[in-house]
Each structure stands twice: as C-alpha cells, then as structure tokens.
Amino acid sequence: MKIVHTIKELQTELLNDRSKGRAIGFVPTMGALHAGHASLVKRSANENDVTVVSVFVNPTQFNDKKDLEKYPRTLEADCKLLDPIGVAYIFAPSVEEMYPAPDTREFSYPPLDTVMEGVYRPGHFNGVCQIVSKLFEAVKPRRAYFGEKDFQQLAIVREMVRRMKLDIDVVGCPIVREEDGLAMSSRNTRLSVQEREYAPEISRTLYASRTFASSHTVCETRKFVEDAIAGVPGLQLEYFAVVDGNTLQTVERWDASDDVVGCITVFCGDVRLIDNIKYKER
Ligand code: PAF
C-alpha cells in the first residue's frame, strides 16, 4: 500500500496500472474510517484489480465551520485499517492540492438536492459534487463505491455521473451497523457515553416502523417515528421523510413507488446523525 499526496503522483502510479489493463476501484472518504468504510473497500478489492481510497476532509461540503473543525482526522489509524484489506493507494491530498483556486462550479440537480439534507445543509451537495468530480477526474476509476447511509448523496452522485456522462459505475453498498443497530458513522466517536446509549433508538425506531408500516398508512408511520423519537430524552428529530427511493420526493401512499425509503436526521446532543430504512425495494 502506497500513500500519495499529489494528483500528479497518483496519476503516474495509476497510468502504470491502467497500461496493464487493470480495473481501478475507488472509495472516496473523509477519513476517520470504520467498519462501514472497510466494507466498501473490501467490495472494491473483490471487484477490481486496484483499489484507491481517498482521505480528504472536504471543506466545501461543510456549511457549519465548527463541524469542519471538529471533524476527526486520524490518517495514521486509517492507514492501519486499510493496509490489510487490499488497498493499493491511499490518496491523502492537502486542501491546496484539491483547491489551488476556489471552485466556483455549481452543481444543481433538482429535485434530488432540494429536499431533506438539501434544505437543512444548503450548499452541502454542491461541495460534495465539487470534490467527487475532482477526485473522479484524478482517479478515473471504473467503479466507485458509496455507502447507502448517505442515501441522498448516493442518488446525487449517480445523477452527476449520468449528467457528466462519466464512464463510472457508481456502486451503492448497504449500511453497516454496530451490534445495537446504530449506523456506523465517523461522527459516532463524538457521542458522550450517555448519548451513545440514546443513539441506537434511532435505528430501533426505524426497524419498528417497518413492522408498523405493514398495517398503517404513510402518514401514520411518519407520526409513529416522530412520536417515538420525541419520547427519547437526548434525541431531537430534525426531519423524517418517507420518499421515493429514486426521485427522493415525498410519497403519501405505499403504492406510489416500488422503492420507498424512510430517511431520518436526528441530533443526539450536538452530533447530527443520519440513517434510513427501506420500506419497499424493487
Ligand atoms: O461521504 C463522504 O464521506 C463524503 O461526502 C465524500 C463522498 C468522501 C466526499 O467528500
């Protein structure tokens, strides 16, 4: 495993791999890696000859400066996690390397980016698209792997790839959960002991809502989730939306789509956690 810090170094290495006809798989990350990231990397290592993982805390996708400052940076531990699981290159650039000048490009994919996180984190997906498009340009992967925990991000990256006509397969990978159900996230390390006890109520509620949904309307199911979260001290619901899994638009009936997903964002103390559950899947 090699760690490279510049686009030039990375491209020199990958040119050699590409000339030998090797398929390149890519896992973009912001570091602070956990078993969820490891599952993406393992899948890439299984499906490609060479796997590149980027570790870059992208400033343009943070609409809250404090969140950017607090984001954990753990490159040494990240390398230890990645070394034994089939990574060829870690690309860990500086901010100057990725943004030698301010990126003024605007990515706008309504209605995918105007709902849910798009409402609560204005500019977030523009920043995600800026960095992911730059990383795609640097790595030129055949396949790129994203977690389904960031369900809306996955849909928007897919749309960006389609609109930019990039020849990249975007592969969505299932959420990896802690034993008590909490969706793995780099932010979980910021939970206090007490908050860590409350946090699994998010996924417990989502799973309970799936049972509830089988005999109740969408509206009743939404209320079920809202009431359950409101009943847990230490959790504060930002939003819960039941959406079409392709358009991300709210559905009012279960038969409105073959793909129906419940997306939730909850504050646990000052840590913002997201999760989702599939009610219907094609
Ligand atoms: O999901 C993430 O960790 C980030 O949004 C990504 C895709 C690495 C872009 O910075």
Side-chain angles (χ1 to χ4, degrees), residues 5 7 10 25-41 43-44 51-65 67-75 77-78 81-82 87 89-99 103 105 107 109 112-113 116-118 120-141 143-161 164 166 168-176 183-190 248 263 265 271-276:
H5 298 283
I7 296 175
L10 178 69
F26 176 46
V27 183
T29 81
M30 296 208 297
L33 304 181
H34 48 69
H37 296 108
S39 76
L40 307 182
V41 172
R43 175 127 179 223
S44 172
T51 290
V52 180
V53 175
S54 63
V55 174
F56 179 66
V57 182
N58 172 38
T60 72
Q61 71 188 74
F62 285 83
N63 51 331
D64 177 352
K65 238 181 145 213
D67 199 21
L68 171 62
E69 281 160 18
K70 279 194 240 159
Y71 206 85
R73 288 153 171 93
T74 58
L75 186 59
D78 294 343
L81 181 139
L82 295 174
V87 174
Y89 306 107
I90 297 180
F91 177 47
S94 64
V95 173
E96 294 71 33
E97 179 69 10
M98 294 316 293
Y99 296 105
D103 192 341
R105 293 174 302 157
F107 296 81
Y109 302 121
L112 296 177
D113 57 357
M116 300 192 290
E117 296 296 282
Y120 290 92
R121 300 185 71 187
H124 168 68
F125 289 121
N126 194 52
V128 169
C129 289
Q130 287 179 340
I131 193 61
V132 172
S133 61
K134 277 174 184 273
L135 291 168
F136 280 175
E137 177 60 29
V139 180
K140 297 189 176 59
R143 300 183 188 88
Y145 296 80
F146 291 81
E148 287 181 347
K149 184 169 82 69
D150 296 295
F151 193 79
Q152 190 171 7
Q153 168 172 282
L154 174 59
I156 289 168
V157 169
R158 282 205 166 109
E159 183 63 10
M160 180 187 81
V161 164
M164 293 177 80
L166 303 177
I168 299 172
D169 270 358
V170 175
V171 183
C173 303
I175 298 175
V176 178
M184 287 202 183
S185 164
S186 308
R187 290 166 199 264
N188 293 353
T189 56
R190 286 175 40 206
L248 305 187
C263 297
T265 295
V271 185
R272 193 171 181 274
L273 300 174
I274 65 173
D275 201 345
N276 62 75

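We count ligands from 1, going down the list as the structure has it; atoms in each ligand are counted the same way. Computation of the quantities below employed the complete heavy-atom set of this structure, encompassing side-chain atoms and omitting hydrogens, waters and symmetry-equivalent molecules.
Which parts of ligand 1 touch I131 is read off a 4.0 Å heavy-atom cut-off, strictly below it: atoms 9 (C), 10 (O). In the vicinity of M30, heavy-atom distances shorter than 4.0 Å reach the ligand 1 atoms 3 (O), 4 (C), 8 (C), 10 (O). If you number the atoms of ligand 1 from 1 as listed, the ones under 4.0 Å from a heavy atom of Q61 come out as 4 (C), 5 (O), 9 (C), 10 (O). Ligand-side atoms of ligand 1 in range of T29: 8 (C), range being under 4.0 angstrom from any heavy atom. Each of the atoms 1 (O), 2 (C), 4 (C), 5 (O), 7 (C) of ligand 1 lies under 4.0 Å from some heavy atom of Q153. Atoms of ligand 1 lying under 4.0 Å from at least one heavy atom of P28, given by number and element, are 8 (C).
Atom CG of N126 and atom CG of D103 lie 8.0 Å apart (nearest 0.5 Å). For the atom pair K149 NZ and M184 CE, the distance stands at 11.5 Å (nearest 0.5 Å).
Judged by distance alone, the side chains of N58 and Y99 do bring a donor and an acceptor atom under 3.5 Å apart.
Between Y71 and F62, the distance from one ring center to the other falls under 6.0 angstrom.
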Inset, instruction - Take R43 and R143 through the side-chain contact (heavy atoms from CB on, under 4.5 Å) test and state the conclusion after the steps. - result: CA-CA 11 Å; R43 175 127 179 223; R143 300 183 188 88; over 6 Å; no
